[in-house]
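Both backbone and side-chain heavy atoms feed into the values below; hydrogens, waters and symmetry mates do not. No experiment lies behind these values; they were computed from the predicted model shown. We name chains A, B, ... by the order of the sequence lines, and we start the count at 1 in each one.
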Number of protein chains: 2
Amino acid sequence: MIERKRDGAELTTAEIQEFVQGFTSGEIPEYQASAWAMAVFFRGLNSRETGDLTGAMMRSGRVLAYPPHSPPKVDKHSTGGIGDKTSLILAPLLACDELWVPMISGRGLGITGGTLDKLESIPGFNVNLSEPEALGQLERIGLFMIGQTADICPADKKLYALRDVTGTVPSQALIAASIMSKKLAESLDRLVLDVKFGSGAFMQTRSDAESLAASLVATGNEMGVQMSHLLTPMDQPLGAAAGNALEVIEAVECLQGRGPADTVALTLDLAECVANVPRSQLERWLNDGTAWRKFVALIEAQGGDAVAAERLGEVHRAPVIEDLPAPHAGTLMSIDAGRIGRACVQLGAGRAKASDAIDFAVGCSAIQKVGAAVQKGEPLLRIHARTQPSLEAALPLFQEAIRVQ
Amino acid sequence: MIERKRDGAELTTAEIQEFVQGFTSGEIPEYQASAWAMAVFFRGLNSRETGDLTGAMMRSGRVLAYPPHSPPKVDKHSTGGIGDKTSLILAPLLACDELWVPMISGRGLGITGGTLDKLESIPGFNVNLSEPEALGQLERIGLFMIGQTADICPADKKLYALRDVTGTVPSQALIAASIMSKKLAESLDRLVLDVKFGSGAFMQTRSDAESLAASLVATGNEMGVQMSHLLTPMDQPLGAAAGNALEVIEAVECLQGRGPADTVALTLDLAECVANVPRSQLERWLNDGTAWRKFVALIEAQGGDAVAAERLGEVHRAPVIEDLPAPHAGTLMSIDAGRIGRACVQLGAGRAKASDAIDFAVGCSAIQKVGAAVQKGEPLLRIHARTQPSLEAALPLFQEAIRVQ
């Protein structure tokens, strides 16, 4: 099978299933799997093969099962960006509709934040529910937001760890299968993808994002899921805040009808793709408190303190808060999302490696948007740091990220 | 380094050395080495990289060292064919010249015979000499013919075993480095290559053989060795015999000036490429007993029975000997070397896997050459088998191999 893929042949469904089963059980050694992954890097997989790989990896572990006649199950997957807190808004918003939102998310790594980390900045919020607990919660409030359990997609975990050390991460087919196998273990009816491109995204160019999106959509369709997708720029951070508690604060603002325009617009764009109701209804739920009450219900269902969530600025108040002033008057030409992301990691908001701890309080807020006219000395953004030295270490990164002309 | 090769970059000498050292010591895990080998399969290595890999693998173990002012060290490498016993003739012939022939050979696997197996059909012949024994013998008689010791090219042994199970054997750069690292551990001044093509060879076409030869020559030159090469057809078996003792018998005939024309001609063609003296002198040594006496000296130096070697047909007489008759009168159009090779393996002359035992006596002799005019019932070749059933199992293979028209 290694040789067949090496020579450009199309693998059969049975071959792919055998490979995934053998690799997961340990019968197929890692040195064969890595050689196969490298052959796939060069030869690719077509959408049928990618679908088969996705399905086989998905079935290597638990797959959620729902009672008959339950509402459509929907979710969103984002390839990750800076300040992207849309999941926190989108999940409760969609649960206002006649939908179930069984959202399984990840943690932050590198410059990309993670929904689980953000949720855990809410005191008491428990992202580790058992499957019966999670399903019971779906029945009651229509959503859960939890982390991936060990028994979801073990094949993907093992293959990803191997790819990470064998130069075989950047294979579009393997990326698509990895993303989709985890998402589709949620047994979704509809999935919307937010594939980002730009300095703060995994894909640097729109055409790379387009190509990944096409691969993800084809894989999802192959698996019988109704797919939709948006290609969204990630050149400047989304919204006005980046950092865990700071993003939850912004999400709360959005859920209470007073969030930044770009965050609200993207959330509605994504929600529209999978919702039963029109955009006007979704907007109403954000503005009339319905979505906020759903978020409160979610927090309380998962052991969190909803009162604390509404005053998270006090709960996680960084000891050192300082504005970054405009060096001179002019127009804000660019705010490099990648650099802002690295500056936040430098402050402690993200992880360099998976075992690192996270500081919920740090990051930046009140980020101005590209195109804004600024006066000399006017704040471009507000830095939240744990200590003065850590602020000073991050300061040049923030300064380099912003161009005023 | 995996990623650099994956992306088509040229690796540095230091990177290649680190890889070979790390892989040999076990610091670099096999799953990374196999992914790297697959990347090399797709991207190739240029001759500098191949030379560096060859050198690093060679230096992973012992490399022969000679006293100063010793004669030029020469050897031949053949990519393997059916009935190819030239090493047995060439080594003593070249040792008649002012040359040292430090020949380290391998065993047969699949349809390709091995020089060590053939030598061991001579009673008492010991192919396992220590390095001091081997070097002492060079000083006395100018040649040794031994097997590879465990401390030669351990990196190649380990990498080859991994390639064998990860679909990365057929990479020309890796093949060239594997062959040359073992050969060049002999610290040669001159090496002649016999790169064969055709049904009984590793390379099926002349152009594939040409390309492999170019790669081997470039690698040898990169390592400072004077290289020459022949591209020789392997569509019909070389000479008149295939099988271990049967081939030694033919080699003895050649060394005594009465061998088949094609075997003698190829041996002289190869010898000419690395000898100090002209072809006429080499021919004289074959015809006047000089080369034969050198072979006797070799056998005796390595514990063998030279008298038995001269009457090997009696020592290893197969119990069942039967001629294959021409089915009708006509011209012998083709004798498929690959099929003859498989027929001999079927008789027990070769190994399907490395741990199989070998039957020295079996094989075929008196093989007619393509172009011969034959009468109905005239012997096309003589089959030597251990038992009647084994002869009958091999018979269809022999019949299919020969076409008379």
Max heavy-atom pair count under 4.5 Å with chain B, selected residue of A:A37, A:P170, A:P29: A:P170
Please evaluate residues B:Q32 and A:Y31 with respect to the criterion side-chain contact (heavy atoms from CB on, under 4.5 Å), reporting the C-alpha separation (whole Å), side-chain torsions for both, the decisive distance (0.1 Å), and the verdict. CA-CA 7 Å; B:Q32 290 188 323; A:Y31 53 77; over 6 Å; no
What are the two closest heavy atoms between B:I2 and A:V165, and how far apart are they? CD1-O, 3.9 Å
Toward chain B, the part of A:A39 with a non-hydrogen atom under 4.5 Å: both
How long is the span from the OG1 atom in B:T166 to the CE atom in A:M38, to the nearest 0.5 Å? 11.5 Å
What pair of heavy atoms forms the shortest contact from A:R6 to B:F41, and how long is it? CG-CE2, 3.1 Å
What are the two closest heavy atoms between A:S34 and B:S34, and how far apart are they? OG-OG, 2.7 Å
